> 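Dumping the structure here so I can ask a few things about it.
Keep in mind that what you see is a predicted model, and the values were worked out from it rather than measured. The first residue of the sequence shown is numbered 1, and numbering continues consecutively from there.
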Amino acid sequence: MATIFPDVEVLLISRLKSTRDASTNPVWEDVFVGTIKPHTSTEDYPEKLVIVRSDGGTTRERGLVRTERVGISVYAADYSSASNLARLVESSMRTYNYG
């Protein structure tokens with residue numbers, strides 16, 4: 001039977017949303033987390049966005065090992081806000097247990 005690996009985008013979005021929702025840091029306030037930006041016609045378009053994408057990876061059939069590459073884009077109204085949010089996202093990513 002073939003091994004089906006978990007959807008890394010769904011996993012990371014869930015963890016980032018949980019981190020955002022549990023945080024009292026104002027940088028996380030009103031952050032949209034997803035795989036695509038909302039359509040520009042969206043009412044109340046979010047000012048801060050964290051967009052997760054899977055960039056593929058290496059799969060070993062016999063050893064059942066998968067190394068996944070992900071990209072995370074961070075958008076905000078200005079450089080300082082985007083930089084602060086990106087640093088929080090990066091820090092959060094290092095705390096997650098992927099085992």
Side-chain angles (χ1 to χ4, degrees):
M1 181 172 180
T3 299
I4 300 174
F5 293 97
D7 186 333
V8 71
E9 291 171 336
V10 170
L11 175 69
L12 290 179
I13 287 169
S14 174
R15 290 185 180 179
L16 286 167
K17 284 181 175 180
S18 292
T19 299
R20 174 201 62 196
D21 295 346
S23 179
T24 58
N25 189 321
V27 173
W28 275 114
E29 192 172 305
D30 299 324
V31 173
F32 173 87
V33 180
T35 57
I36 59 173
K37 291 180 181 181
H39 192 272
T40 55
S41 66
T42 301
E43 191 173 322
D44 297 325
Y45 191 85
E47 187 174 305
K48 297 181 280 188
L49 300 102
V50 173
I51 307 300
V52 177
R53 71 178 187 280
S54 169
D55 288 340
T58 303
T59 302
R60 294 184 185 179
E61 295 292 329
R62 300 203 67 142
L64 298 179
V65 174
R66 175 145 178 95
T67 302
E68 187 78 34
R69 287 184 300 270
V70 297
I72 299 177
S73 299
V74 176
Y75 302 92
D78 56 66
Y79 177 82
S80 178
S81 297
S83 178
N84 289 336
L85 180 56
R87 290 184 301 119
L88 280 179
V89 168
E90 189 273 335
S91 176
S92 297
M93 293 291 294
R94 285 186 282 114
T95 67
Y96 300 148
N97 177 3
Y98 299 102

> Under the rule for side chain to side chain contact (heavy atoms under 4.5 Å, CB included), what residues qualify as partners of Thr42, not counting sequence neighbours?
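Thr42 satisfies side chain to side chain contact (heavy atoms under 4.5 Å, CB included) with Pro38, His39, Tyr45 only.
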> Donor-acceptor pair, Lys48 side chain versus Val27 backbone, under 3.5 Å?
yes
> Do Val89 and Ile51 sit in the same hydrophobic cluster, where Ile, Leu, Val, Met, Phe, Trp and Tyr count as joined when their side-chain heavy atoms come under 4.5 Å apart?
no
> Strictly by salt bridge (charged side-chain N to carboxylate O under 4.0 Å, His left out), give each pair with a member in residues 25-34 just once, sequence neighbours left out.
none
> Under a single-linkage definition using a 4.5 Å side-chain heavy-atom cutoff for Ile, Leu, Val, Met, Phe, Trp and Tyr, are Leu85 and Phe32 assigned to the same hydrophobic cluster?
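No, it is not one cluster - the side chains of Leu85 and Phe32 are not joined through contacts under 4.5 Å.
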> Under the 3.5 angstrom rule, does the side chain of Ser91 hit a backbone N or O of Arg87 as a donor-acceptor pair?
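Answer holds: no.
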> Does atom CD of Glu90 have more than 12 heavy-atom neighbours, drawn from other residues, nucleotides or ligands, at distances under 6.0 Å?
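Enclosed.
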> Test Asn84 against Leu88 for side chain to side chain contact (heavy atoms under 4.5 Å, CB included), laying out the working first.
CA-CA 6 Å; Asn84 289 336; Leu88 280 179; over 6 Å; no
> Name all pairs fulfilling the salt bridge (charged side-chain N to carboxylate O under 4.0 Å, His left out) condition that reach into residues 37-46, sequence neighbours left out, sorted by first residue then second.
none
> Looking at OH of Tyr96 and CG of Leu12, how far apart are the two atoms once the value is rounded to the nearest 0.5 Å?
8.0 Å
> Go through the structure and list residues passing side chain to side chain contact (heavy atoms under 4.5 Å, CB included) with Ser18, not counting sequence neighbours.
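Partners of Ser18 by the side chain to side chain contact (heavy atoms under 4.5 Å, CB included) criterion come out as none, since no residue qualifies.
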> May I ask whether Val8 and Ile72 are part of the same hydrophobic cluster, defined by side-chain heavy atoms of I, L, V, M, F, W, Y residues being less than 4.5 angstrom apart, directly or through others?
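They do share one cluster, since a chain of ILVMFWY contacts under 4.5 Å joins Val8 to Ile72.
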> Only counting residues at least two apart or in another chain, list the ones meeting side chain to side chain contact (heavy atoms under 4.5 Å, CB included) with Ser23.
Asn25, Trp28
> What's the separation between atom OG in Ser83 and atom CG in Asp78, rounded to the nearest 0.5 Å?
10.0 Å
> Under a 4.5 Å side-chain heavy-atom rule over Ile, Leu, Val, Met, Phe, Trp and Tyr, are Leu16 and Leu49 clustered together?
no
> What's the shortest heavy-atom distance between Ala82 and Ala76, and which atoms?
N-CB, 3.4 Å
> Return the set of residues passing side chain to side chain contact (heavy atoms under 4.5 Å, CB included) with Glu9 (not counting sequence neighbours), or none when no residue passes.
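Side chain to side chain contact (heavy atoms under 4.5 Å, CB included) list for Glu9, sorted by chain: Asp7, Thr35, Val52, Arg53, Ser54.
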> Please tell me if the side chains of Arg20 and Val50 come closer than 4.5 Å, counting only heavy atoms from C-beta onward.
no
